[in-house]
Amino acid sequence: DFGDGGTDIGSSVNYAYATSGNFVVTLIVTNSCGSDTDKYNVTVYGLPTANFSYAATCATEPVVFTDLSAGASSWFWDFGDGGTSIAQNPSYTYGVNGTFNTKLTAKNSNGCSDTITKAVSLTSSPIVTIKSTDESCPGISNGSATANVSGGVTPFSYFWNTGSASASLSNLPAGNYYVFVTDNNG
């Protein structure tokens, strides 16, 4: 009798408790001369629950990991590219684009552990090139500028020094124009 309603017969028995707690295990040994009973106190410790969130931006910027584990007192992070950490809430820079299987192993003070793996996808920062057409004659205001973006994650947001929020400007007089482009990762 394992103290939680479970029983088994045999000379060598393995038993898995469904819950943590303190249990009184009763061992009954029987042979042709009779039987003997002994009782043992067994403490089953609960598992921590590993979980985390992360704020990913671009491959060249730090990813901030936030531990959301329950019942953990130590942490081991495997970032999926050879990098590791034992901090509870680490920041880590991957440095390259890709998807990385990031694993957190959370351990409690009794040595019990739980592991979770999440895919962290990183992209490059947006790279902007501007294609422009000068005005055909001074004072005609028929110049144009178009921001072309590679890398990053769509959709893109544009902010020109003219106040425009589109990818292209037209009917421009001669002058200097610049644009700030932000991708979906911010």
Side-chain angles (χ1 to χ4, degrees), residues 1-27 40-129 147-159 165 167 179-186:
D1 177 9
F2 293 101
D4 67 346
T7 61
D8 204 347
I9 298 174
S11 59
S12 177
V13 176
N14 290 320
Y15 186 77
Y17 286 89
T19 61
S20 60
N22 295 311
F23 302 93
V24 177
V25 176
T26 304
L27 173 65
Y40 300 92
N41 292 318
V42 174
T43 300
V44 177
Y45 298 105
L47 292 173
T49 303
N51 196 9
F52 67 91
S53 65
Y54 61 92
T57 55
C58 299
T60 56
E61 297 177 14
V63 177
V64 178
F65 292 92
T66 303
D67 170 50
L68 302 174
S69 302
S73 58
S74 66
W75 303 265
F76 181 78
W77 297 85
D78 178 345
F79 298 112
D81 68 345
T84 61
S85 176
I86 59 170
Q88 182 177 3
N89 297 300
S91 291
Y92 186 74
T93 302
Y94 287 92
V96 295
N97 298 342
T99 300
F100 303 91
N101 289 324
T102 302
K103 182 178 2 178
L104 169 61
T105 300
K107 188 181 284 189
N108 66 18
S109 59
N110 298 310
C112 302
S113 64
D114 185 36
T115 300
I116 187 169
T117 302
K118 293 185 181 183
V120 175
S121 295
L122 302 170
T123 60
S124 63
S125 298
I127 298 170
V128 180
T129 55
N148 296 304
V149 183
S150 61
V153 176
T154 60
F156 301 109
S157 298
Y158 303 88
F159 181 75
V179 63
F180 292 100
V181 177
T182 306
D183 74 353
N184 197 44
N185 284 338

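Values below: all heavy atoms of this structure, side chains included; hydrogens, waters and symmetry mates excluded.
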Worksheet item: Got a sec, which residues hit ring-ring contact (aromatic ring centres under 6.0 Å, His included) with Tyr94, two or more places apart in sequence or on another chain?
Response: Tyr92, Phe100

Worksheet entry | Approximate separation, where rounding is to 0.5 Å, of Leu104 CG and Thr115 OG1 | 7.5 Å

Discussion item. Under the rule for side chain to side chain donor-acceptor pair (under 3.5 Å), what residues qualify as partners of Ser11, not counting sequence neighbours?
Written reply: none

Practice prompt. Quick one: list whatever passes side chain to side chain donor-acceptor pair (under 3.5 Å) with Trp77, sequence neighbours left out.
Written response: none

Worksheet item: Distance from Leu47 atom CG to Cys112 atom SG, nearest 0.5 Å?
Response: 5.5 Å

Worksheet entry | With Ala165 via side chain to side chain contact (heavy atoms under 4.5 Å, CB included) - residues at least two apart | none

Fill in: With Thr43 via side chain to side chain donor-acceptor pair (under 3.5 Å) - residues at least two apart
Asn22

Response to the item:
Sequence neighbours excluded, the answer for side chain to side chain contact (heavy atoms under 4.5 Å, CB included) partners of Thr99 is Ala119, Ser121

Item to complete: Could you name each residue pair satisfying side-chain hydrogen bond (donor to acceptor under 3.5 Å, both in side chains) that touches residues 61-73, not counting sequence neighbours?
Response: Thr57-Glu61, Asp67-Ser69, Asp67-Trp75, Asp67-Gln88

Worksheet item: Donor-acceptor pair, Asp4 side chain versus Gly6 backbone, under 3.5 Å?
Response: yes

Worksheet item: Residues in ring-ring contact (aromatic ring centres under 6.0 Å, His included) with Phe156, at least two apart?
Response: none

Worksheet item: With distance as the sole test, does Asn101 use its side chain to make a donor-acceptor pair with the main-chain N or O of Thr117 at under 3.5 Å?
Response: no

Fill in: Partners passing side chain to side chain donor-acceptor pair (under 3.5 Å) against Thr26 (at least two apart in sequence or in another chain)
Lys39

Fill in: Val120, Asp78, Val63 screened by side-chain contact (heavy atoms from CB on, under 4.5 Å) with Thr102, the one that passes
Val120

Discussion item. Measuring only between side-chain heavy atoms, which start at C-beta, is Thr182 closer than 4.5 Å to Phe159?
Written reply: no

Practice prompt. Enumerate the residue pairs fulfilling side-chain hydrogen bond (donor to acceptor under 3.5 Å, both in side chains) with a member in residues 47-56, sequence neighbours excluded, ordered by first and then second residue.
Written response: Asn51-Lys118

Worksheet item: Do Phe65 and Ser85 have side-chain heavy atoms sitting under 4.5 Å apart?
Response: no

Practice prompt. Return the minimal non-hydrogen interatomic distance between Val179 and Ala147, and the atom names on each side.
Written response: CG1-CB, 4.1 Å

Worksheet, complete the sentence: For Tyr17, the ring-ring contact (aromatic ring centres under 6.0 Å, His included) test, sequence neighbours excluded, returns Tyr15, Phe23

Worksheet item: Going from CG on Asn148 to OG1 on Thr129, what distance comes out if it is rounded to the nearest 0.5 angstrom?
Response: 4.5 Å

Worksheet item: With a 4.5 Å heavy-atom cut-off, do Phe2 and Asp8 have their side chains touching?
Response: yes

Item to complete: Under the side chain to side chain contact (heavy atoms under 4.5 Å, CB included) rule, collect the residues that match up with Ser91, sequence neighbours excluded.
Response: Pro62, Val64

Response to the item:
Interatomic distance, CZ@Phe76 vs OG@Ser113, rounded to 0.5 Å, equals 12.0 Å

Fill in: 4.5 Å side-chain heavy-atom contact, Asp183 and Thr154
no

Worksheet item: If you look at every heavy atom in Asp114 and Pro48, which pair is closest and at what distance?
Response: CB-O, 3.1 Å

